[in-house]
Peer 1: 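Here it is, the structure in full.
Here is the naming used below: chain letters follow the sequence lines, and residue numbers restart at 1 for every chain. All values reported here derive from a predicted model rather than from experimental measurement.
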Protein chains: 2
Amino acid sequence: MAHDNIDLSTLTRNELLVFEALKESDSPMKAYDVLDVLKSHGVRAPMTVYRALEGLEEKGIVHKLDALNAFVLCSHDRPHQVQSFLVCSECGMVQEISPELREAPQVEDKILGVVRATGFQMREARLEMKGICQKCTGKQSAHNTAAE
Amino acid sequence: MAHDNIDLSTLTRNELLVFEALKESDSPMKAYDVLDVLKSHGVRAPMTVYRALEGLEEKGIVHKLDALNAFVLCSHDRPHQVQSFLVCSECGMVQEISPELREAPQVEDKILGVVRATGFQMREARLEMKGICQKCTGKQSAHNTAAE
DNA sequence: TTTACTGGATTATGATATAACATTGATATA
DNA sequence: TATATCAATGTTATATCATAATCCAGTAAA
Ligand SMILES: [Zn+2]
Ligand SMILES: [Zn+2]
Ligand SMILES: [Zn+2]
Ligand SMILES: [Zn+2]
């Protein structure tokens with residue numbers, strides 16, 4: 001797991017709390033869901049959570065899924081410019097495309113190439129792909145065996 | 001201009017009003033900015049705007065920029081699965097990467113290839129790239145001629 | 001005319017995010 | 001020690017973004 005590589009000593013107390021909350025969760029969390037978890041640790045205000053999330057994002061430990069207003073731990077070993085996610089509209093599953101997937105770097109390269117050609121200085125990019133995950137596709141074809 | 005190709009007769013009255021508002025604007029608009037414009041046409045409630053925006057999105061005429069909570073007219077000739085935007089953090093400029101840019105389809109192909117390999121049925125994807133646009137880069141290097 | 005449907009209006013409320021300012025505690029240094 | 005400084009945190013209030021729920025108007029079958 002990528003999270004074993006993180007140097008937790010660089011995190012503030014609140015960042016650590018948020019990190020733990022996200023680590024426990026098997027899906028992206030909304031800021032106010034994080035807040036609910038942290039209430040048992042004495043955190044009362046949204047600001048606290050948003051500040052911690054911002055810090056974690058800057059450290060490359062957390063990504064925000066803009067289409068969902070939700071946050072996930074990065075599954076990579078190191079910070080990276082291009083973040084890619086599969087989001088299932090059926091079950092809510094979110095999967096960050098990992099570098100282990102051999103083709104992923106090619107996508108990143110292509111993107112960087114195109115952008116460079118336009119003279120744009122890219123700092124960060126997020127690719128959010130919506131659709132139906134493999135698991136949910138299987139379920140559906142059980143109902144409806146004919147091709148679409 | 002791509003917008004000349006759109007069949008406006010398929011739009012409802014409110015969709016048309018929102019379309020016109022976005023066409024007038026030279027940058028993405030927030031829903032409540034659209035509402036302000038439409039007040040002069042008797043529109044009073046956010047719902048009206050959001051409904052129209054949703055309709056326009058479904059018709060492929062408008063895209064939502066999730067990172068900005070803002071909406072823009074599509075600059076393509078026809079609906080497309082992968083939407084790519086450059087967003088300048090300095091001046092707010094947003095540019096949809098157009099099919100005229102020769103490399104753009106390659107990015108789309110790469111993305112589709114990778115996703116297919118995972119068994120994910122992609123319906124739609126949005127790539128939002130943040131950084132500094134060419135214009136703003138020029139301004140900065142005027143101040144600071146040395147390399148970064 | 002009745003029915004069903006689509007689009008639209010209204011009201012209220014929910015969900016997401018930030019501004020602005022006060023407090024704390026650790027560290028440096030005079 | 002006193003005190004300046006700074007980063008992190010706490011607190012309150014408010015801004016911004018989005019939807020639920022319900023009703024109404026027009027229109028096109030039946
Ligand atoms: Zn990541
Ligand atoms: Zn699924
Ligand atoms: Zn487009
Ligand atoms: Zn710019």
Peer 1: Among D:dT9, D:dA18, C:dA9, which is the nearest nucleotide to the side chain of B:N69?
Peer 2: D:dA18

Peer 1: For a quick check under 3.5 Å, do A:Q134 and B:Q121 share a side-chain donor-acceptor pair by atom type?
Peer 2: no

Peer 1: So does B:R44 reach the base of C:dG8 with its side chain, donor to acceptor, closer than 3.5 Å?
Peer 2: no

Peer 1: Using only side-chain N and O atoms of B:K30, determine if any of them is under 4.0 Å from OP1 or OP2 of D:dC17.
Peer 2: yes

Peer 1: Rounded to the nearest Å, what distance is computed from the CD atom of residue A:E54 to the C1' atom of nucleotide D:dA7?
Peer 2: 14 Å

Peer 1: Report the distance from atom CG of B:N14 to atom C1' of D:dG26, rounded to the nearest whole Å.
Peer 2: 14 Å

Peer 1: What integer distance in Å separates B:D36:CG from D:dC17:P?
Peer 2: 11 Å

Peer 1: Regarding B:E124 and B:Q83, is there a side-chain donor-to-acceptor distance under 3.5 Å anywhere?
Peer 2: yes

Peer 1: Please determine, for C:dA12, whether a Watson-Crick or G-U wobble partner exists with both distances under 3.5 Å, and give it or none.
Peer 2: D:dT19

Peer 1: Which whole-number value in Å describes the distance from A:D33 CG to C:dT16 C1'?
Peer 2: 12 Å

Peer 1: To check you understand the geometry: which heavy-atom pair defines the closest contact between B:I61 and B:F19, and what is its length?
Peer 2: CG2-CD1, 3.8 Å

Peer 1: Among D:dT11, D:dC17, C:dA17, which nucleotide sits nearest the side chain of B:Y50?
Peer 2: D:dC17

Peer 1: From the options D:dA18, D:dG10, C:dT18, select the nucleotide whose nearest atom is closest to the side chain of B:F71.
Peer 2: D:dA18

Peer 1: Could you give the NZ-to-C1' distance, from B:K64 to D:dT16, as a whole number of Å?
Peer 2: 12 Å

Peer 1: Nearest to the side chain of A:A45 - C:dA17, D:dT12, D:dC17?
Peer 2: D:dT12

Peer 1: When the distance from CD of A:E58 to P of D:dA7 is rounded to whole Å, what number comes out?
Peer 2: 13 Å

Peer 1: Roughly, in whole Å, what's the span from CG in B:L35 to C1' in D:dT19?
Peer 2: 15 Å

Peer 1: Can you find an N or O donor on one side and an acceptor on the other, under 3.5 Å apart, linking the side chain of B:R51 with the base of D:dA18?
Peer 2: no

Peer 1: Rest of the hydrophobic cluster containing A:L65 (Ile/Leu/Val/Met/Phe/Trp/Tyr, side-chain heavy atoms under 4.5 Å)?
Peer 2: A:L68, A:V72, A:F85, A:V87, A:V94

Peer 1: On DNA chain D, compare the nucleotides closest to B:M47 and B:L68; which residue's is nearer the 5' end?
Peer 2: B:L68

Peer 1: Check this for me: does the side-chain of B:Y32 come within 3.5 Å of the base of D:dA18 through a donor and an acceptor?
Peer 2: yes

Peer 1: Without decimals, in angstroms, what is the distance between A:L53 CG and D:dT9 P?
Peer 2: 13 Å

Peer 1: When you check the side-chain N and O atoms of A:E57 and A:H63, is any donor under 3.5 Å from an acceptor?
Peer 2: no

Peer 1: Would you please confirm or rule out a distance under 4.0 Å between OP1 or OP2 of C:dA9 and any side-chain N or O of B:R13?
Peer 2: yes

Peer 1: Which nucleotide in the set D:dA8, D:dT19, C:dA17 lies at the smallest distance from any side-chain heavy atom of A:T12?
Peer 2: D:dA8

